[in-house]
Every structure is written in C-alpha cells, then in structure tokens.
Amino acid sequence: TRNGGAGMEKALSNQEDLGGDRGMTDDIFDESYSEKEGPKPDRRYVWRNIVLMSLLHVGGLYGLWLIPAAKPVTLAWGFLCFLLSALGVTAGAHRLWSHRSYKAGLPLRIFLAIANSMAFQNDIYEWARDHRVHHKFSETDADPHNATRGFFFSHVGWLLVRKHPDVIEKGRKLDLADLKADKVVMFQRRFYKLSVVAMCFLFPTLVPWCFWGESLRNSFFLPAILRYMLVLNATWLVNSAAHMFGNRPYDRNINPRENRLVTFGALGEGFHNYHHTFPFDYSTSEFGWHYNFTTAFIDLMCLLGLASDRKKVSKETILARKIRTGDGSHKSG
Ligand code: ST9
Ligand code: ZN
Ligand code: ZN
C-alpha cells in the first residue's frame with residue numbers, strides 16, 4: 001500500500017485525535033480503493049467549458065492591461081472582492097463545509113455562502129462533495145483533479161472534460177447528510193445561478209460604477225473578470241502546484257506538499273502536506289496566523305461569538321507524525 005502500512009494507524013490516530021467528533025470522516029484517505037485494471041476511459045472534451053474558460057482568461061488579461069487606467073479606489077475594491085470571494089472558498093466551502101473543522105452560526109454561514117457565490121466555483125454542496133472525494137481517493141482515478149494526470153489536468157483541465165466514472169461512483173457513496181441538513185447550503189444550491197450573476201458579476205461591477213463614477217469597462221473587467229480569474233487560479237494552484245512542488249515534512253509517502261507561494265496567494269491554503277495529513281485541522285497548517293489570513297479570520301469570528309469548536313491537532317501528535325512519516329525537512333526549518 002501507498003503508506004507502507006501506516007494507513008490503518010493513520011486512520012486510527014485521526015479518529016482518536018479529532019476526526020470522529022465532526023460527525024463525518026469521509027475526507028480521510030481510503031487505503032482500500034484501487035483503480036480498475038485495463039485501459040482508461042477516453043477523454044471527452046466539454047467544448048462549452050473550453051470556450052467559456054478561454055474567454056474568461058482573455059477578459060482577465062485585458063483587465064490586467066486596463067489597470068493603469070483605473071482609479072486607485074477601484075483597484076482597492078477589486079482587492080476587497082478578491083478577499084471576500086476567497087474567504088467564501090477557504091473559510092466557507094473548504095474549512096467549514098468540506099472538512100467541518102469548526103462550527104459557524106447562522107449569520108456567519110449566510111455571509112460565507114454569499115461570499116462563496118461571489119467566487120463562482122460551483123455551489124457549496126458540489127464543491128464539498130468533490131473535495132471530500134479528492135481527499136478520500138487522493139491521486140487516483142476517483143480523485144476529480146488527480147494530480148498524477150499532470151499539472152494542466154489538476155489545474156484546470158479537469159473542468160474541461162467529463163469526469164472519470166470512478167469519481168461519480170465513489171462520490172455517490174459519500175456521507176453528505178451534514179450538507180443536506182444545512183439550510184444555508186441547500187438554499188445557495190437552489191438559487192445558485194441567480195446568486196452568481198448577482199454576486200460574482202453585478203455587485204463587483206456596479207459598486208465602482210455607481211459610487212465613484214468608474215467607467216463601466218474598468219468596473220467590469222477589473223473587480224469582476226480579472227478578480228474572478230485570479231481567485232480561480234489561486235485556488236487551482238493548490239490542486240496543481242501544491243501537489244507537485246515543495247517539502248513533505250509530515251508525510252513523505254503522499255504527493256501534496258508545503259508550498260509557500262501557493263499559501264500566500266490562497267490565504268493560507270498551501271500547507272498542503274499538512275492538510276492532507278490532518279484534514280480536520282481548522283488552520284490547515286501547523287501554525288496559526290503565519291501566512292494564513294483565513295485562520296486569522298476564523299479566529300476573529302470566534303472572538304465575536306459567530307463561530308466555535310475549532311479543531312486543532314496537538315503539537316505532540318504533529319511532532320510524532322513528523323518523526324514517523326515526515327521527509328525530515330522540518331529539522332532544517
Ligand atoms: C471551480 C472549482 O473552479 C474549483 C475547485 C477547486 C478545489 C480546490 C481544492 C483545494 C483545497 C482548498 C484550497 C482553497 C483555496 C482557495 C484560494 C482562494 C484565493 N460525487 O458534474 P457532472 C454526478 S468551478 C457524486 O456534469 P460530467 C452529478 O451530480 C469553476 N456525484 O459530470 C451528476 O449527477 P445527476 C466554474 C457526482 O458530465 C452527474 O454526476 N465551473 C460527482 O463528467 C454528472 O455530473 C466550471 O467551470 C461526485 N464527485 O462533467 C464548470 N461529480 O446527473 C464545472 C459529479 O444525477 N463543471 N457527480 O445530477 C462542469 O461543467 C462539469 O462538472 C464537468 C464534468 C464538465 C467538469
Ligand atoms: Zn489536495
Ligand atoms: Zn481539503
């Protein structure tokens with residue numbers, strides 16, 4: 001097996017540490033799955049997505065070119081939109097809804113769902129379902145963005161072709177009861193398209209146009225299109241670059257790595273060797289606020305009484321794990 005027998009032990013220690021008390025464990029790596037023998041199914045292109053993604057990136061590059069012509073306050077607004085939509089993914093779809101690494105009350109969940117629609121990365125339910133199969137069957141046919149298929153596939157290619165049948169087959173067996181029971185998640189799913197039009201495109205465009213007389217062209221191509229393109233690519237780098245480049249201080253037997261550049265762009269989500277080793281840790285890293293805006297945000301929410309029950313792995317458990325399965329790089333850093 002991939003972990004050389006450490007898998008069972010890993011599963012047990014995860015349960016003991018914290019994995020069990022979230023009411024779900026379907027983000028823990030499943031040793032028992034093995035890919036089907038024989039030739040892989042054909043790649044089936046989805047031309048609609050290829051065309052739309054290309055257009056988005058052409059629009060985003062045009063937005064880059066418009067930067068010098070924009071008012072500084074429009075650029076600041078674009079940055080704020082970046083932060084908001086990124087939090088909808090990191091603090092929302094990822095750490096709260098996919099991994100249940102902390103609890104959030106209704107007002108915060110509503111805020112995160114709105115921010116998540118601004119990020120337009122599929123609705124929370126679909127995102128969390130795909131993300132749980134990514135962890136559970138990481139780097140196999142059942143992983144939606146299987147990084148062993150190369151940088152491009154794990155970055156964006158997986159959104160441009162039909163899924164491998166095993167992704168759907170294994171995904172259908174996941175326990176998603178917690179998501180189905182969350183009214184905010186189900187409401188966002190029901191009104192997803194409308195919420196995306198409003199939050200990802202209209203709202204970012206209308207604010208600079210109405211409030212400080214920015215041109216409609218700059219208002220649309222900077223805070224909406226360029227910002228959307230940047231958040232997408234920052235997110236996708238976690239699947240591509242952070243599965244290929246960096247150290248593996250916690251588990252040298254898995255591909256996900258610690259990638260500082262990715263961490264920086266993705267608000268703290270690039271400590272990916274740590275994250276796949278301890279997926280239930282609310283900080284997605286050994287450290288607190290270090291390069292981790294999302295952790296600071298969740299801590300602030302707890303301080304304000306809007307969130308609670310942050311799951312954190314103990315220093316002793318982390319150290320033991322580093323010694324047992326790490327690549328030794330922690331000693332030098
Ligand atoms: C986007 C998502 O960009 C990005 C996610 C990134 C994840 C990153 C994770 C990294 C860690 C976190 C770090 C965060 C950092 C953030 C930093 C921020 C600065 N299980 O899907 P279909 C079913 S989206 C169970 O059509 P096809 C499905 O329900 C961008 N079932 O598959 C359906 O069933 P039914 C915008 C599943 O035909 C049927 O299968 N969006 C599963 O193969 C068919 O589903 C896009 O670009 C599952 N896992 O098409 C388009 N999956 O019929 C998005 C599917 O019964 N997607 N099913 O309803 C698509 O167009 C299509 O999904 C497709 C595949 C073409 C990709
Ligand atoms: Zn990953
Ligand atoms: Zn994750």
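Counting convention: from 1, in listed order, for ligands and their atoms alike.
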When you compare the side chains of [X] and [Y], does any donor N or O come within less than 3.5 Å of an acceptor on the partner?
X      : Y      : value
Asp327 : Ser329 : yes
Asp130 : Tyr125 : no
Ser117 : Gln188 : yes
His155 : Asn233 : yes
Trp158 : Asn146 : no
Trp212 : Thr74  : yes

Return a yes/no value for [X]: is any of its N or O atoms, backbone included, closer than 3.5 angstrom to an N or O of ligand 1?
X      : result
Asn49  : yes
His145 : no
Glu269 : no
Trp236 : yes

Using protein heavy atoms only, decide if any is under 4.0 Å from [atom].
atom                    : value
atom 3 (O) of ligand 1  : yes
atom 22 (P) of ligand 1 : no
atom 26 (O) of ligand 1 : no
atom 66 (C) of ligand 1 : yes
atom 59 (O) of ligand 1 : no

Are the side chains of [Y] and [X] in contact, using a 4.5 Å heavy-atom criterion?
X      : Y      : result
His272 : Asn259 : no
Asp143 : Lys136 : no
Arg257 : Val262 : no
Lys103 : Leu96  : no
Thr295 : Phe287 : no
Phe137 : Lys170 : yes

[atom]: which protein heavy atom is closest, and how many Å away?
atom                    : result
atom 41 (N) of ligand 1 : Asn122 OD1, 3.4 Å
atom 16 (C) of ligand 1 : Thr235 OG1, 3.4 Å
atom 50 (O) of ligand 1 : Arg162 NH1, 3.5 Å
atom 5 (C) of ligand 1  : Trp127 NE1, 3.4 Å
atom 30 (C) of ligand 1 : Phe120 O, 3.9 Å
atom 44 (C) of ligand 1 : Ile168 CD1, 4.3 Å
atom 49 (N) of ligand 1 : Asp130 OD1, 2.7 Å

Tell me if the CZ atom of Arg260 is crowded by more than 12 foreign heavy atoms within 6.0 Å.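 No, CZ of Arg260 has 12 or fewer neighbouring heavy atoms, counting only those of other groups under 6.0 Å.
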Step through the shown structure and confirm whether more than 12 heavy atoms of other residues, nucleotides or ligands are within 6.0 Å of OH on Tyr33.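 Result for OH/Tyr33: enclosed.
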Quick one: does [X] get within less than 4.0 Å of ligand 1, heavy atoms only?
X      : value
Leu267 : no
Gly265 : yes
Leu230 : no

Report the part of Leu232 (side chain from C-beta onward, or backbone N, CA, C, O) that has a heavy atom under 4.0 Å from ligand 1; answer both or neither where that applies.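 Side chain only.
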Which segment of Val46 sits under 4.0 Å of ligand 1 when only heavy atoms are counted: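 Side chain only.
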Heavy-atom contacts with [X] under 4.0 Å: which atoms of ligand 1 show up? List them by number with element.
X      : result
Val167 : 20 (N), 48 (C), 49 (N)
Val161 : 64 (C), 65 (C), 66 (C), 67 (C)
Trp158 : 4 (C), 5 (C), 67 (C)
Met53  : 47 (O)
Val238 : 10 (C), 11 (C), 13 (C)
Val133 : 49 (N)
Ala234 : 19 (C)
Gly171 : 20 (N), 25 (C)

When the ring planes of [X] and [Y] are compared, do they come out parallel, tilted or perpendicular, using 30° and 60° as the limits?
X      : Y      : result
His276 : His134 : perpendicular
Trp77  : Phe203 : perpendicular
Phe79  : Phe82  : parallel
His57  : Trp236 : parallel

Heavy-atom nearest option to [atom], drawn from [options]:
atom                    : options                        : answer
atom 29 (O) of ligand 1 : Arg129, Glu126, Glu169, His276 : Arg129
atom 14 (C) of ligand 1 : Leu160, Asn239, Val89          : Val89
atom 39 (C) of ligand 1 : His134, Arg172, His275         : Arg172
atom 63 (O) of ligand 1 : Lys170, His135, Lys163         : Lys163

Do you see an N/O/S atom of His243, backbone or side chain, under 2.8 Å from the Zn ion (ligand 2)?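 Here the distance criterion (N, O or S atom, under 2.8 Å) is met by His243, so yes.
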Any ion pair linking Asp27 and Arg132 (charged N to carboxylate O, less than 4.0 Å)?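 Result for this pair is no, no salt bridge flagged.
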Can you tell me which residue among His275, Lys311, Lys312 is in a side chain to side chain donor-acceptor pair (under 3.5 Å) with Asp281?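 One option only clears the test, and that one is Lys312.
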Output, by chain and residue number, all protein N/O/S atoms separated from the Zn ion (ligand 3) by less than 2.8 Å.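 For the Zn ion (ligand 3), the protein N, O and S atoms that sit under 2.8 Å away are His94 NE2, His99 NE2, His131 NE2, His135 NE2, His275 NE2.
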If you measure from [atom1] on [X] to [atom2] on [Y], what distance do you get to the nearest 0.5 Å?
X      : Y      : atom1 : atom2 : answer
Ser285 : Asn273 : OG    : CG    : 12.0 Å
Phe271 : Thr284 : CZ    : OG1   : 7.0 Å
Asn122 : Trp127 : CG    : CH2   : 10.0 Å

